[in-house]
Amino acid sequence: MKKENLLITGANGQMGSVLVKELQKIYGEDHVITSDIRTNENFNGIFEILDVTDGNKLNDLVKKHQITQIYHLAAILSASGELNPIQTWDVNMKTFLNILEVSTVNAIDKVFFPSSIAVFGKNAPKIKTPQDFVLTPSTVYGMSKVAGENWAQYYFKKHKLDVRSLRYPGVIGHQSLPGGGTTDYAVDIYHKALAKVDFECYLKNDRTLPMIYMEDAIRATVELMMAPKENINVRTAYNLSGMSFSPEEIATSIQKIYPKFKIKYKIDFRDEIASSWPSSTDDSSAKKDWSWKPHFDIDQMTEIMITELKSTNSKNIKV
Ligand code: AKB
C-alpha cells in the first residue's frame, strides 16, 4: 500500500489540534506533518513553522516531506474577519490559492478545505437550507469560503485535483478553544458553567444556529476524505449537520447538571452575523454520497463537555 504523508496547516487551531491526533492514530505520528504560523510543543511527531501565504515555503515543505495529502485549516474566522476585512480576504484567499497551486504542481492526491455555514446569506431558507441554494454571504469570511468552494471545483475540473470540503456548523469541543468565530459562545458557555460564573451571551436568546460536537466533526472529515473518489459528487462543499440550538436551549441543557447556572444577554455585532446564517442545513447529499450520520445530540454533548472539562481542570490543579 502507498505510504501517505499528510500536511496539516493551521494545526494549532480549534479543529486542527484535535484532527492531528486522529490522523496520527490512522497514519502514524511520523506521517502527519503539523504546521502553523506559531510553534507548538503539544504535538508529537514532526512540526514545521509555516505561514501559508508563503507559497515557496509551502512548496519546499511539500517536497521535503513527500506530502500526498493536505488538510488546509489555516483561516481567519467570521467575527475576527469583520474587524479586518481586507486582511481576512487576503489571508484566506492567498493561502488557499497557494495550496491549490502547490498541490497541482506536486501532484498531491487529496486536499481538504473547510467551508462553513457562513456561505449562506439572509435570503436562504433558515430551516434545512438546501445544498444548492444561491450563496450571498454577509461576512468577508463567508465570501472567502464561497470563493474557496468555487476555486476547489475549478481545480477539480481543470486539473483533476481531488479537493474535498465540508460546510462546518459551529464546532464544540473540550480539547481546544476556538478563536474569532461567531459560534464560539457555545464553547465558552461550558467553561463559565464549570467556573460557576454567570455567562454573558452576545447572541439573542432564541438565535438558533447549526452546531456539531467535535467528535462528529472530526469523524465527518475523516469519512469524507476516506470515501471513494467516485462517490464525491459535490465538488464545492457538502452541507453537514449535527444539531441545532439557541443560547437559551444550551443554557437549559447545562442547567440539567448545574441548576443554578445563569445566562444573561449583552448583544453585539456577532448577533447580526448569526442572523444571516441558517438555523439548520439539509445534509442529504452527505448522507447519500458517503453515509454521513451524526451521533451526538445537545444533552449527550453537555454531559461529555462537563465531564471532560472537569477532568482537565482537576489534572491542571494537581500539576
Ligand atoms: C465561525 O463562527 O466563524 C465558525 C463557522 C461557523 O464557520 N465557527
Side-chain angles (χ1 to χ4, degrees), residues 10 12-19 71-85 87-89 91-93 95-96 112-122 124 126 129 135-149 152 165-190 201-204 207-218 220-221 224 236-247 250 267-281 283 286 294 301 305:
N12 292 352
Q14 186 203 11
M15 287 272 313
S17 47
V18 188
L19 183 63
Y71 291 68
H72 174 51
L73 304 181
I76 299 176
L77 298 187
S78 58
S80 301
E82 290 312 284
L83 305 178
N84 261 317
Q87 188 205 3
T88 301
W89 177 260
V91 169
N92 288 2
M93 293 319 302
T95 55
F96 190 42
F112 178 73
F113 167 68
S115 188
S116 162
I117 51 161
V119 294
F120 294 110
K122 272 198 187 317
K126 286 275 165 222
T129 310
L135 304 176
T136 56
S138 64
T139 59
V140 179
Y141 170 70
M143 284 157 58
S144 72
K145 291 299 179 190
V146 173
E149 288 189 8
S165 179
L166 296 171
R167 289 176 182 155
Y168 287 120
V171 178
I172 300 158
H174 55 85
Q175 302 92 329
S176 51
L177 289 172
T182 302
T183 58
D184 293 6
Y185 90 88
V187 179
D188 196 22
I189 195 168
Y190 287 109
C201 187
Y202 51 79
L203 299 186
K204 281 192 185 141
R207 182 69 68 211
T208 301
L209 289 174
M211 300 280 185
I212 192 166
Y213 181 52
M214 180 67 84
E215 202 174 308
D216 272 344
I218 297 293
T221 312
L224 170 73
T236 48
Y238 282 95
N239 279 3
L240 180 75
S241 292
M243 58 188 94
S244 285
F245 58 77
S246 65
I250 192 173
I267 311 309
D268 70 21
F269 73 100
R270 288 170 283 190
D271 189 64
E272 179 64 25
I273 297 177
S275 74
S276 71
W277 290 353
S279 301
S280 63
T281 61
D283 62 354
M301 176 176 78
M305 285 294 289

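Heavy atoms only: backbone and side chains are in, while hydrogens, waters and symmetry mates are out. Because the structure is a prediction, the values reported are computed rather than measured. One-based numbering, in listed order, for ligands and for the atoms of each.
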Separation between OG1 of T281 and OH of Y168, rounded to the nearest 0.5 Å
13.5 Å

Within a strict 4.5 Å, meaning less than it, do heavy atoms of the I267 and K204 side chains meet?
yes

Note: P210 and P169 closest approach over all heavy atoms is O-CB, 3.2 Å

Atoms of ligand 1 less than 4.0 Å from [X] heavy atoms?
{"X": "S78", "value": "1 (C), 2 (O), 3 (O)"}
{"X": "I117", "value": "6 (C)"}
{"X": "L77", "value": "3 (O)"}

Taking the six-membered ring for Trp, are Y185 and F245 parallel (under 30°), tilted (30 to 60°) or perpendicular (over 60°)?
perpendicular

Give the ring-plane orientation class for Y71 versus F112, where under 30° counts as parallel, over 60° as perpendicular and anything between as tilted.
tilted

What part of D184 sits under 4.0 Å from ligand 1 if we count only heavy atoms: the side chain, the backbone, both or neither?
neither

Residue portion contacting ligand 1 (non-hydrogen atoms closer than 4.0 Å) for A118
neither

Measure the distance from [atom] to every protein heavy atom, then report the residue, atom name and distance (to 0.1 Å) of the closest one.
{"atom": "atom 5 (C) of ligand 1", "result": "S116 OG, 3.5 Å"}
{"atom": "atom 8 (N) of ligand 1", "result": "T183 OG1, 2.9 Å"}
{"atom": "atom 2 (O) of ligand 1", "result": "T182 N, 2.7 Å"}

Quick one: side chain to side chain contact (heavy atoms under 4.5 Å, CB included) partners of S116, sequence neighbours excluded?
A118, Y141, K145

Taking only residues two or more places apart in sequence or in another chain, which ones pass ring-ring contact (aromatic ring centres under 6.0 Å, His included) with F120?
none

Less than 3.5 Å between some nitrogen or oxygen of Y141 and one of ligand 1, yes or no?
yes

